[in-house]
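Before any comments, here is the structure.
Start at 1 and go down the list; that is how both ligands and their atoms are numbered.
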Amino acid sequence: MNRVVLATLPTPLENGGKLPGGSNLWVKRDDLTGLGVGGNKARKLEFLCADALGAGAKSLVTVGAAQSNHCRMTAAAGARLGLPTHLVLSGDEPRQLTGNQLLSAMFGATLHHTGLKDTDWSGLEKFRQQLTDQLSRGGSEPYSIPIGGSTAIGAVGYALAFDEINEQCATKGFSPESIVFTTSSGGTHAGLIAGLVRARAENPNKDWPRIIGIAVAKGAAMSVERISELTSQTLRLLDCTATVETTDVIIETEYMGAQYAVPTKEASEAATWAARRGAWALDPVYSAKGFSGLLGLDAKNCFSADSNTVFIHTGGLPSLFVAH
Ligand SMILES: Cc1ncc(COP(=O)(O)O)c(C=O)c1O
């Protein structure tokens, strides 16, 4: 598959000491992928942007919540590749740009404030389609990326991340029992499972980790069926004939709180725990809720004592500086 280099890889895998339940914590620093201050979307954008360039696109369009990290990182990719970038965002135009919007504007993107609610995913997607049509008619030749970059092409980035994690763990002398991360539009999750399925087919006798997604958005939280379908599409792109089992797809939904981007007490406590343990900065919308899921599962004895648990820090730093 075609790929453009946008991320600084491999990202570090840091030792986080013992979890309260006795498992060893490892933090995979995908907040340090480097593109436009970092985060998980850099891995997807390497494949999405290669597809865009291959298709002869002259601009990028994507969509997300007002403080979307994916939109900010697409703006960064557009800047790096010289492609004018349009972002369809929820909410109204603020008096002053902050966080991800501030960075997106610095990277030169055009921000389209739709006035829609940040949970109106279908309304936002409809707006993206309309803008894409309009830009196509005007000759801008856009490459249009769905919410979160969660297509099979984008997910390939996380299939390769699975291999990267696996190799780093092997170098450090262990096999992880679980890999835990925040899931929203599902591309990170499907990609990781595709990586697992492919590696398992090549080496069926090894103990492979559980891939556990902590969901943070009701509207975008993918069902087991949809993640399985996206995983199957990703495996096809990888020319892998092995198939995903429904038991491979684990989505924990009890850590998102009232709704997307509504802070929870558990996430705030998890952010403090992580900040004081390893100086990891987790944001309240994504990574802190994900880590609250990891601590919650640990409290339920889901991780065996002395096992190894990898938390993928997927980024989100800019929204730490925005009022929630
Ligand atoms: C910081 C952060 N973590 C996790 C995710 C979830 O990734 P995915 O959309 O691939 O499920 C996102 C998505 O926007 C994100 O910005």
Hey, which of Y255, W273, F311 is the one that makes side-chain contact (heavy atoms from CB on, under 4.5 Å) with L295?
W273

Salt bridge or not for E14 and R277, using N-O below 4.0 Å?
no

Parallel under 30°, tilted from 30 to 60°, perpendicular over 60°: which one fits the rings of W208 and F162?
tilted

Between the side chains of K41 and T314, does any donor sit under 3.5 Å from an acceptor?
no

Donor-acceptor pair, distance only, cut-off 3.5 Å: does the side chain of E46 make one with the backbone of R3?
no

Ordered by chain then number, the protein residues lying under 4.0 Å from ligand 1 by heavy atom are N40, K41, K44, N69, S150, T182, T183, S184, S185, G186, G187, T188, Y286, T314, G315, G316

Measuring from atom OG of S144 to atom CZ of R128, what distance do you get when rounded to the nearest 0.5 angstrom?
4.0 Å

